[in-house]
Amino acid sequence: MAKNITARSKDYSQWYQDVIKEANLAEHSPVRGSMVIKPTGYALWENMRDGLDRMFKDTGHQNAYFPLFIPKSFLSKEASHVEGFAKECAVVTHSRLISTDNGVDVDPDSKLEEELIVRPTSETIIWDTYRNWIQSYRDLPILVNQWANVVRWEMRTRLFLRTMEFLWQEGHTAHATEEEAVAETRQMLEVYRTFAEEYMAMPVITGVKTESERFAGAVETYCIEALMQDGKALQAGTSHFLGQNFAKAFDVKFQDKDGDLKYVWATSWGVSTRLIGGLIMTHSDDDGLIIPPRIAPWQVVIVPIYRKDDEREAVLEYASSIKKELADAGIRVKLDDRDQYKPGWKFAQHEVEGIPVRVAVGPRDVQNEKAECVRRDTKDKQLAERSGLLEMVRGHLDQMQQDLLNNAKKRMEEGTRHVASYDEFREVLEKHGGFIYAHWDGTAETEAKIKEETKATIRCIPLFEDDESGECMVTGKPSARKVLFARAY
RNA sequence: CGGGAUGUAGCGCAGCCCGGUAGCGCACACGCCUGGGGGGCGUGGGGUCGCAGGUUCAAAUCCUGUCAUCCCGACCA
C-alpha cells in the first residue's frame, strides 16, 4: 500500500494532490496558483506534446511563436473577447525597480506609455499580425500553431487543472471560406479526440458548447469532454470556429479570385497541461499514478536484486543486457541500480510513479535465464524466459495501453445515464454524478436555472446523431435531442 | 473575492489553550548486519517555528497585519 497517498474513497481531492506530489509530477511555487512542473511531470508533457505536434504537422500545420506581451488596446478590439478575459488578465504597468531601504520597489518613473497584457490567449496579437500576412486568397490558408505559456488570473486554482500560468498549444488558422474554416475546426477536434483516446487512453465525448459556455469571441466552440473517476466532467480540449469576428476586429481582408475584398475566416484550438490532471484522474489508483505506456516518461524499469558483491556484478550485467535489448527495440527503459534503496522500496516507488512495466531480476533469474515481469495497472506478475522477455514486455505495453482505454470506456459508459425528469436528474446527480443525458429546451434561462440549482452544466451538445426528440426536463418545452450534463472541474 | 481550516527540519506531525533552553517518526550522513514487496541496530547532522509588526524581563505559544496552501461558495481551460 502506498504510504502517503490518501484513499480515493476517503478524499478524492486529497488523493489527487497526493498522487501529484508522491509521483513527483509538480509542486506549488511561492506565488499563489503557480506551479513548478518537475522533471517527471515535464517528461510526461513532452511526450504528450510530441504526439500532438506530430499530428498537427501531419495535418499541414507549422509552429511559430508570438509574443508574451500584448498591447492593452488589442484586447478591446473584439467585444465579447474582452468581456470574457477582462477579469483575469495580468497587466504590466512598469519597467523598472529601484533599490530602497527595504529592498526594491517599483520605480514610479518607469510607468509604461501603454500597459501590456500578459497573454491569456493569443488571438488578438496573432490577428493583428495576420493582417500584414494576408492580402490575397493565395496567402490562405494560414495554418499555424504555437506552444506557449499563458496567464489567467484565476480565483481558485488546482495543480494542473487550473493554474494561473499554464502551458498549452494554441492553433490559429486563417481561411478563405467559411466551409474551410468549419472543416478545420472539426478536423482539429477530431485530432484531439484521437489523441485523447490513442495516446492518453482517455475516452471523450465530442460536442458543441452552448452559447453560455462558448469561448469569448467564437461563433461556435467544439470540445472534448472526459469523465473522471469521481463522476465529474473535465473539458479536455476545445476547437473554435471564430467566424469573421477577429478578421473584422483587426481588419484582415483578402482579395479573392474575382477581385472582391473579403474578410478572412478563422479558427483557434488548444489543449493544455490540464490534460495531465485529466490523465491522473482517469487512470490512477490508491497506490499512485497509472499512465498509458505510450506517453509514459519511462515505460519499463529494471530492478536488480542481489546480496553479495559477486551476485551484484552478475545481476547488473544481466540487467544491463536486458536494458540494452529493450532500448534497442525503442522502449524507454531505465535500470534502477541505485544501491541505497532496497528492491521492495523501489517496487513501491515505481508504482507510485506509475512506470507501466517493471522487470525484476535476481541471482535465481540469472541462473535460470528468466526475469519477473509486472504490469503496473493489474499488478500481475509473470516469469518470463530471458529469450522471450522483449516480446512479453512489448505485449504488456500494448495490452496495458488497450486495457486502460477499455477500462476507462467502460467507466464512462457506466457513469453515463439518461433521465426523463428533472427530479430524476437531481437524484442521479446526487447519487452517482457522472454524465447525464437529458432534454433541454435550448434556452440560456433554463440552462442557468439548472446550473444555479444543481451546479451541473451542459457539457456539450454531442456530435453523434440522436433523433430522439422529447420535452425539456425543466420547462416541458419541445427538445430535438438530449444534451450532455455533468458537474465539471 | 467571501466562509472555514492549516502553516514548527526535506516529508508527516506534537508542542500553543496555561509564555520560560524546539521535540517525535520518516528521510539524510557514517558503521555493521541485511537485500525476491516500503529492513534492523548503533552513532550523528539539520529548524530565523510562513513573513512583518506589537505586548512582555522573556513569544513557536498572546495580539494585529500579511503571504501561501487545502476545503466550501462566486468566476473560469
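The structure displayed is predicted, hence computed values, not measured ones. Residue numbers begin at 1 in each chain, while the letters A, B, ... track the order of the sequences.
For B:G37, the base has a donor-acceptor partner in the side chain of A:K381 [N/O atoms by modelled type, under 3.5 angstrom]. Checked by distance alone, A:R358 brings a side-chain donor or acceptor within 3.5 Å of a matching partner on the base of B:G37. A donor-acceptor contact under 3.5 Å links the side chain of A:Q349 to the base of B:G38.
Residue-level contact check: A:D11 touches neither bases nor backbone, having no heavy atom under 4.0 Å from any strand. Among the atoms of the strands shown, none is found under 4.0 Å from any heavy atom of A:S29. Among the atoms of the strands shown, base atoms are found under 4.0 Å from some heavy atom of A:E351. Among the heavy atoms of the strands lying under 4.0 Å from A:E154 is at least one base atom, whether or not backbone atoms are also near. Nucleic acid contact for A:G277: none, since no nucleic acid atom lies under 4.0 Å from a heavy atom of the residue. Across all strands shown, A:F166 has heavy atoms under 4.0 Å from base atoms, whether or not it also approaches the sugar-phosphate.
Between A:E22 and A:P343, the one whose closest nucleotide on RNA chain B sits nearer the 5' end is A:E22. Residue whose closest nucleotide on RNA chain B sits further toward the 5' end, between A:K455 and A:T157: A:T157.
The partner of B:A52 is B:U64, by the rule that a Watson-Crick or G-U pair needs both atom distances under 3.5 Å. Under the Watson-Crick or G-U wobble criterion, with both distances below 3.5 Å, B:C70 is paired with B:G4. Across the strands present, B:A58 finds no partner; the criterion is a Watson-Crick or G-U wobble pair with both atom distances under 3.5 angstrom. Searching all strands for a Watson-Crick or G-U wobble partner of B:G37 with both distances below 3.5 Å returns nothing. Base-pair partner of B:C17: not found among the strands shown (Watson-Crick or G-U wobble, both distances under 3.5 Å). Base pairing annotation: B:A9 forms no Watson-Crick or G-U wobble pair, as no partner gives both donor-acceptor distances under 3.5 Å. For B:C75, there is no paired base (Watson-Crick or G-U wobble, both distances below 3.5 Å). Pair assignment for B:G42 gives B:C30, based on Watson-Crick or G-U wobble hydrogen-bonding distances that are each under 3.5 Å.
If you take atom P in B:A60 and the same atom in B:C51, they sit 11 Å apart, rounded to whole Å. Distance check on atom P: B:C63 versus B:C30 gives 45 Å, rounded to whole Å. Distance check on atom C1': B:A27 versus B:G38 gives 13 Å, rounded to whole Å. Nucleotides B:G42 and B:U8 have their C1' atoms positioned 28 Å apart, rounded to a whole Å. Using atom P as the reference point in both B:A5 and B:C26, the two lie 32 Å apart (nearest Å). Comparing B:C33 with B:G46, their P atoms sit 28 Å apart, to the nearest whole Å. Between B:U6 and B:U66, the two C1' atoms lie 16 Å apart (nearest whole Å). Across the C1' atoms, B:G7 and B:C75 are found 27 Å apart, a figure rounded to whole Å.
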Apply the test side-chain hydrogen bond (donor to acceptor under 3.5 Å, both in side chains) to residues A:T238 and A:T221: give CA-CA distance (whole Å), side-chain angles for both, the deciding distance (0.1 Å), then the verdict. CA-CA 7 Å; A:T238 49; A:T221 288; over 6 Å; no
For a side-chain hydrogen bond (donor to acceptor under 3.5 Å, both in side chains) check, start with the C-alpha distance between A:S34 and A:S29, then their side-chain angles and the critical distance, and finish with the verdict. CA-CA 6 Å; A:S34 56; A:S29 85; 2.9 Å; yes
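Residue A:L234 contributes atom CG, which lies 16 Å from atom P of B:C76 at whole-angstrom precision. B:A5 atom P lies 18 Å from atom CD of A:Q14, rounded to whole Å. Nucleotide B:G73 holds its C1' atom 8 Å from the CZ atom of A:R156, rounded to whole Å. Counting to the nearest Å, the P atom of B:C70 and the CH2 atom of A:W15 are 16 Å from each other. As rounded to whole Å, 11 Å separates atom C1' of B:C70 from atom CG of A:D18. In this structure, CE of A:M155 is placed 16 Å from P of B:C70, rounded to the nearest angstrom. In this structure, the CG atom of A:D365 is 16 Å from the P atom of B:G35, given to the nearest Å. B:G35 atom C1' lies 10 Å from atom NZ of A:K346, rounded to whole Å.
Comparing B:G36, B:G35, B:G38 by their closest approach to the side chain of A:R307 singles out B:G35. Of the candidates B:G35, B:C71, B:C76, B:C71 carries the atom nearest the A:R158 side chain, counting heavy atoms from C-beta on. When the nucleotides B:G12, B:G36, B:C76 are ranked by their closest atom to the side chain of A:R162, B:C76 comes out on top. With distances taken from any side-chain atom of A:Y341 to the nucleotides B:C28, B:G37, B:U69, the minimum falls on B:C28. Considering only the side chain of A:R32, B:A68 comes nearest among B:G12, B:G36, B:A68. Considering only the side chain of A:W345, B:G38 comes nearest among B:G38, B:C71, B:G35. Of the listed nucleotides (B:G35, B:A68, B:C76), B:C76 has the atom at the smallest distance from the side chain of A:E88.
Between A:D287 and A:K379, at least one side-chain N (NZ, or NE/NH1/NH2) sits under 4.0 Å from a carboxylate O, which counts as a salt bridge.
OP1 or OP2 of B:C1 has not a single side-chain nitrogen or oxygen of A:K87 nearer than 4.0 Å. One finds a side-chain N or O of A:H28 lying less than 4.0 angstrom from the OP1 or OP2 phosphate oxygen of B:C70.
Under the 3.5 Å distance criterion, with hydrogens and angles disregarded, a donor-acceptor pair is assigned to the side chains of A:T6 and A:D18. In this model, no donor atom of one side chain and acceptor atom of the other lie less than 3.5 Å apart for A:E115 and A:T93.
For A:F425 and A:F485, the ring centers are positioned less than 6.0 Å apart.
For the salt bridge (charged side-chain N to carboxylate O under 4.0 Å, His left out) criterion with A:E220, the lone passing option out of A:R214, A:K209, A:R186 is A:R214.
Between A:R8 and A:S284, the closest heavy-atom pair is NH1-O, 3.1 Å.
Side chain of A:H61 to main chain of A:F56: a donor-acceptor pair is present (N/O by atom type, distance under 3.5 Å, no hydrogens or angles).
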